[in-house]
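Notes for the one structure printed next.
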Amino acid sequence: MDIFAQQILNGLVLGSVYALVALGYTMVYGILGLINFAHGEVVMIGAMTALAVVSTLLSVFPEMHPFLTILLAGLAAILVCMSLAFFIERLAYRPLRNAPRLAPLITAIGISILLQNIAMIIWGRKYKTVPQLFPTETFELFGASITSVQIFIILISAVLMSGLLVIVHFTKLGRAMRATSESQRVAGLMGINVNKIISVTFMIGAGLAAVAGILIAGNYSVVHYSMGFMLGLKAFTAAVLGGIGNLGGAVLGGLLLGLIESIGAGYIGDLTGGFLGSHYQDVFAFVVLIVVLVFRPTGLMGERVSERA
Amino acid sequence: MSFLEAQSLDVRYGGIRAVRGVDIRVEEGETVALIGANGAGKSSMLNAIAGVLPHTGSVYFNNVDLSYRPVFDRVKRGISMVPEGRGVFGRLTVEENLLMGAYLGNSQQEQDTDLKMMYEFFPRLKERRRQTGGTLSGGEQQMLAIGRALMARPKLLLLDEPSMGLAPIMVEKIFEVIRGVSQTGVTILLVEQNARLALESSQRAYVMESGELSITGESRELLHSPEIRRSYLGGGD
Ligand SMILES: Nc1ncnc2c1ncn2[C@@H]1O[C@H](COP(=O)(O)OP(=O)(O)OP(=O)(O)O)[C@@H](O)[C@H]1O
Ligand SMILES: [Mg+2]
């Protein structure tokens, strides 16, 4: 087996999920200039909801086709996450729209803690195992092995990300989103209901987060009320790496971060003479974050557009 | 009641009272100019009417009280504004900017016709249709902003200094378009630094001073009023 090829493959799988989550950060940042630190928790809620639905369906309709089970669970998770994001924006962020920037940021952290605690109360403190709905098949690809779940992750992420890019760049809604992120005042003058566009932006991000949560749960087979925290930080790092506010950047940043982590984790043992093991994987994200913030705060694809409406 | 009627309009920025109980009426089909020195409150006035700025007092348009309605709702009812400084979306293409103007409906067919018409008015925009708005020159951006406002097929067009920063030939061109728009029946409220041009292109005018109206009258008469000539038309000839 080719270890390098394997690390790249794992990196792409991980990176796809980071990218999905990073898109949510970057879209909200693009439109409000707000870093929605509660976004990682939305991912967790998505995973938890899907698991709850799957478990219920498995016990009530054990004969149900696994595709239908996962589809229903996915729809439920997306619905729950979108509503959650709608209410978070409406109740927590909107009243602070004109407040100093620190206020919504602290609120976001507060919401994040609140959601973790609610999840802990509902689903408990223990790690929960995700039942296997499909028999895992493993395929050989360029000397690396890839599971059916991983293929599924890459495909779903690619479809969703392309879909989002098409919406943002080629539809009327997308045009309104881009206009609103440039200037809310002028967007209003076009007849755009700016508050509605902001709500929709939060909800799209949350829908992607829900799917990301399910994919992560499927890949690692465990979920936990705190799983959104680290994932959220990493996706945020990915968004910053790509250039926060830039959609293509979030995708690029997510994939790159996944690759850096995976390759780094594969070789960190050799590099440090066995002093640091692959469980130091998380270190890479934060090294990347610091390096980007110091040397290129606008990220890889971030442009500072001077003309503001 | 007039087509547009602003009553005791008041706009405040923190402690500053920029518009002080102003009453303005514009009849359907009229072009009315609003002139005044820098800082007189003209833009604040237009922004309040468009709904971009919170205000007290009332704004009636087409017999509907719009005072508490948000900006997008006022657009829906037929008010479009070309804001001071143009407000072109720098990262959207020229064509996307124009299409934003038609955001609230109009059939695809109407949109296509309007787009074609804008490109006829402003051939320069057609050449630049795939360029982003931010790469246009100031004059081109002004054309774009006006074209975009017209794409909404407004009943009332609010123009905030359409001649700002433009070369004389471009100013001519823009005002030609404005007069053309007026001839199609669109009501226009025009804020303009170039008082002569504003008075020559309008039927009536209001003069604003420190947030209040000082003089109002027929534009033709104001062009010859000694007071206006002294303060706004540059020179006592
Ligand atoms: N956002 C703001 N915050 C505080 N004061 C403001 C703000 N906008 C305008 N003002 C003040 O309100 C007054 C009126 O401003 P406004 O822009 O309406 O004037 P104007 O007549 O359009 O001037 P100009 O011809 O220079 O465009 C000015 O004294 C200005 O300093
Ligand atoms: Mg002004």
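So that the names make sense, note that chain A is the first sequence line, chain B the second, and so on, each numbered from 1.
- Here CZ of R178(A) is found 4.5 Å from CG of L92(B). Values are rounded to the nearest 0.5 Å.
- Other residues, nucleotides and ligands contribute more than 12 heavy atoms inside 6.0 Å of the OH atom of Y119(B).
- Atom CZ of R97(A) is surrounded by more than 12 heavy atoms from other residues, nucleotides or ligands within 6.0 Å.
- Interatomic distance, M190(A) CE to L99(B) CG, rounded to the nearest 0.5 Å: 12.0 Å.
- Between the CD atom of E182(A) and the CZ atom of R91(B) there is a distance of 4.5 Å, given to the nearest 0.5 Å.
- When the options V71(B), L158(B), I79(B), V82(B) are evaluated for a side chain to side chain contact (heavy atoms under 4.5 Å, CB included) with L189(A), the one that passes is V71(B).
- Counting heavy-atom neighbours within 6.0 Å of F170(A) CZ, excluding the residue itself, gives a total of 12 or less.
- Between R185(A) and P83(B), the shortest heavy-atom distance links the atoms NH1-CB, 4.0 Å.
- Of the atoms belonging to R86(B), not a single heavy atom falls under 4.5 Å from chain A.
- Looking at F72(B) and K196(A), their side chains never come closer than 4.5 Å, going by heavy atoms from C-beta outward.
- Contact detail for F89(B) and S183(A): the closest heavy-atom pair is CE2-O, 4.1 Å.
- The main-chain N or O of G191(A) is never found under 3.5 Å from a side-chain atom of K76(B) such that the two would form a donor-acceptor pair.
- Atom CZ of R90(A) has 12 or fewer neighbouring heavy atoms from other residues, nucleotides or ligands inside a 6.0 Å radius.
- Counting heavy atoms of neighbouring residues, nucleotides and ligands inside a 6.0 Å radius, atom CZ of F286(A) exceeds 12 of them.
- Of all the listed residues (R148(B), M151(B), M81(B), R74(B)), the one sharing the greatest number of non-hydrogen pairs under 4.5 Å with chain A is R148(B).
- Within 6.0 Å of the NZ atom in K126(B), the count of heavy atoms belonging to other residues, nucleotides or ligands does not exceed 12.
- Residue K172(A) places its NZ atom among more than 12 non-hydrogen atoms of other residues, nucleotides or ligands, all under 6.0 Å distant.
- When heavy atoms are compared at a cutoff of 4.5 Å, V75(B) approaches chain A solely by way of its side chain, counted from C-beta outward.
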